[in-house]
Protein chains: 2
Amino acid sequence: MAVVSPVPLADQRSAEILDSARRAFAEKGFDGASMQDIARQAGMSVGNFYRYFPSKSAIVEALIALDMAEMEQDFATILAHPNPILALRETIERKITEADCQGDGQIWAEITAASLRKPEIGDATLRMEVGIVAHLTTIFALAAGVAKEEAQTRWTAHAHLIVMLVKACAMQHPDNPITADLTRLVMRNINQTLDDIATSAALKG
Amino acid sequence: MAVVSPVPLADQRSAEILDSARRAFAEKGFDGASMQDIARQAGMSVGNFYRYFPSKSAIVEALIALDMAEMEQDFATILAHPNPILALRETIERKITEADCQGDGQIWAEITAASLRKPEIGDATLRMEVGIVAHLTTIFALAAGVAKEEAQTRWTAHAHLIVMLVKACAMQHPDNPITADLTRLVMRNINQTLDDIATSAALKG
DNA sequence: ATTTGCTGAATGAACGTTCATTCTTTGGCA
DNA sequence: TGCCAAAGAATGAACGTTCATTCAGCAAAT
């Protein structure tokens, strides 16, 4: 009786509100966007907004938590794929090329700046990054046919590099005329790295 | 009578103030740092601060202009070096490894976020990036022994990639335990790219 | 006495947050 | 069906705070 749908209505509404808040933050920044801005973006009054989130910083926390959840979802899909390394390649390519139309890059830039400024946010994003890297090395282990632990010791830095590249691409200035060439070059680098890892089992074993 | 020294005293004082403003922005962000914070950091009253900069946004603009000037200075030094590509390698390595003790990375993160948000700042940083890329391709042309124009058409994207990597490294979370390995890997990638460019003349010509 | 360099209180706008109030929906009773 | 209270959603003015910016005034130097 508790819930019929796996996502309760209140949470669904919260997700919609969160999405509009993300847009407001992308437009004006975490500090720059006022509660009035955020509420207007969500199509409601400020007062009503506080019925969903108790404070402005709670929105930021919820936003980061949502991104983390989406990331977990992405990796779950990749690991369930018959060819995980191929699925990873495609996911990365999608993230890099579409870049979610400047929205994601903007938010990531805001979070990156906030991470270096506020230790609490920095810790959260560091945890998120470490989690992603752990997923990546797991996939690497699968692709290279080695134990998870070995993949971790050998390719943790490579995983971090890939994360860094994807983030950096998303944060590129959209008006930069060279962006298309650049993303192609980055994608080539990443594919090269993935190839090296996938074929390294032959060299080692 | 106007000025004796090429750097007038007022400008020197302005530079000191700008440096403390940079620290304030690094601690609290562009929007988060108040004029009171900035003035206190500079060891003076708010009122006096306005004698040096007419507004808060003027500080940001001056900060970006200063970074641009420093960048120009760096490239002038590199180009004057007997072996420019070696000098470039060392400059990049210095920028990446020391990362100016989290101060520069913090400010770059702030600027990156602001660039995606405010078109005026975005244009300024894009101009700066294009300028850096132009300098890089000039050095590439020297190293590979080809014309500037050819270097430009062939390696503009590579130059952008290097800029992206240096920035991304500086913006890494300082508490990340993997950072040392990561920067080593990035440096290896950059050196590989520079090697490819330097030896490509043999392939082409 | 006048200029200069500087202070920090004053100012009005805008901020995050609260809350008294008003709409909208609901559900039992006729 | 129509009606009416009770509950839930939503509003926007108001509050205290903080912001960027200004300026009357002070102390030393000329």
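Just so it is clear: chains get the letters A, B, ... in the order the sequence lines come, proteins before strands, and each one is counted from 1. Because only heavy atoms are used, hydrogens play no part in the values below, and waters and symmetry mates are left out as well, while side chains stay in.
B:His135 pairs by the ring pair (Phe, Tyr, Trp, His ring centres under 6.0 Å) definition with B:Phe75, not counting sequence neighbours. Applying the ring pair (Phe, Tyr, Trp, His ring centres under 6.0 Å) criterion to A:Phe140, with sequence neighbours excluded, gives no partner residue. Looking at residues two or more places apart in sequence or on another chain, you find no side chain to side chain donor-acceptor pair (under 3.5 Å) involving A:Ser20. Every residue was checked against the side chain to side chain donor-acceptor pair (under 3.5 Å) condition with B:Thr183, not counting sequence neighbours, and none meets it.
For the side chain to side chain donor-acceptor pair (under 3.5 Å) with B:Arg154, the qualifying choice from B:Gln152, B:His158, B:Glu150 is B:Glu150, the only one to do so.
Sorted pairs that involve residues 51-62 of chain B and meet salt bridge (Lys or Arg N to Asp or Glu O under 4.0 Å), not counting sequence neighbours, are lacking altogether. Within the structure, every pair that satisfies the side-chain hydrogen bond (donor to acceptor under 3.5 Å, both in side chains) test and touches residues 78-90 of chain A, not counting sequence neighbours, is listed here: A:Arg89-A:Asn191, A:Arg89-A:Asp195. Residue pairs meeting the side-chain hydrogen bond (donor to acceptor under 3.5 Å, both in side chains) criterion with at least one partner in residues 171-181 of chain A, sequence neighbours excluded, are A:Asp181-A:Arg184.
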Taking N or O atoms only and anything under 3.5 Å, show me the protein contacts with nucleotides 9-12 of chain D, one pair per line.
from   : atom 1 : to      : atom 2 : distance (Å)
D:dA9  : OP2    : A:Arg51 : NH2    : 3.3
D:dA10 : OP2    : A:Asn48 : ND2    : 3.1
D:dA10 : OP2    : A:Tyr52 : OH     : 3.1
D:dA10 : O5'    : A:Asn48 : ND2    : 3.2
D:dT11 : OP2    : A:Ser45 : N      : 2.5
D:dT11 : OP2    : A:Ser45 : OG     : 2.9
D:dT11 : O5'    : A:Ser45 : OG     : 3.4
D:dG12 : O6     : A:Gly47 : N      : 3.4

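Within residues 30-38 of chain B, the residues having any heavy atom closer than 4.0 Å to DNA chain D are, in order of number, B:Ala33, B:Ser34, B:Met35, B:Gln36.
One atom, OH of A:Tyr50, and another, P of C:dT17, lie 3 Å apart when rounded to the nearest Å.
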Output side-chain donor-acceptor pairs under 3.5 Å for residues 114-123 of chain A, partner residues at least two apart or in another chain, one line each.
from     : atom 1 : to       : atom 2 : distance (Å)
A:Ser115 : OG     : A:Ile111 : O      : 2.8
A:Ser115 : OG     : A:Thr125 : OG1    : 3.0
A:Arg117 : NE     : B:Glu110 : OE2    : 2.8
A:Arg117 : NH2    : B:Glu110 : OE2    : 2.7

Table please: side-chain donor-acceptor pairs of residues 37-46 of chain B below 3.5 Å, with sequence neighbours left out.
from    : atom 1 : to      : atom 2 : distance (Å)
B:Asp37 : OD2    : B:Lys28 : NZ     : 3.4
B:Asp37 : OD2    : B:Ser34 : N      : 3.1
B:Asp37 : OD2    : B:Ser34 : OG     : 3.2
B:Gln41 : OE1    : B:Arg23 : NH1    : 3.2
B:Ser45 : OG     : B:Asn48 : N      : 3.2

I'd like to compare against my own output: the B/S/- annotation of nucleotides 25-30 of chain D with a strict under-4.0 Å heavy-atom distance to protein. ------
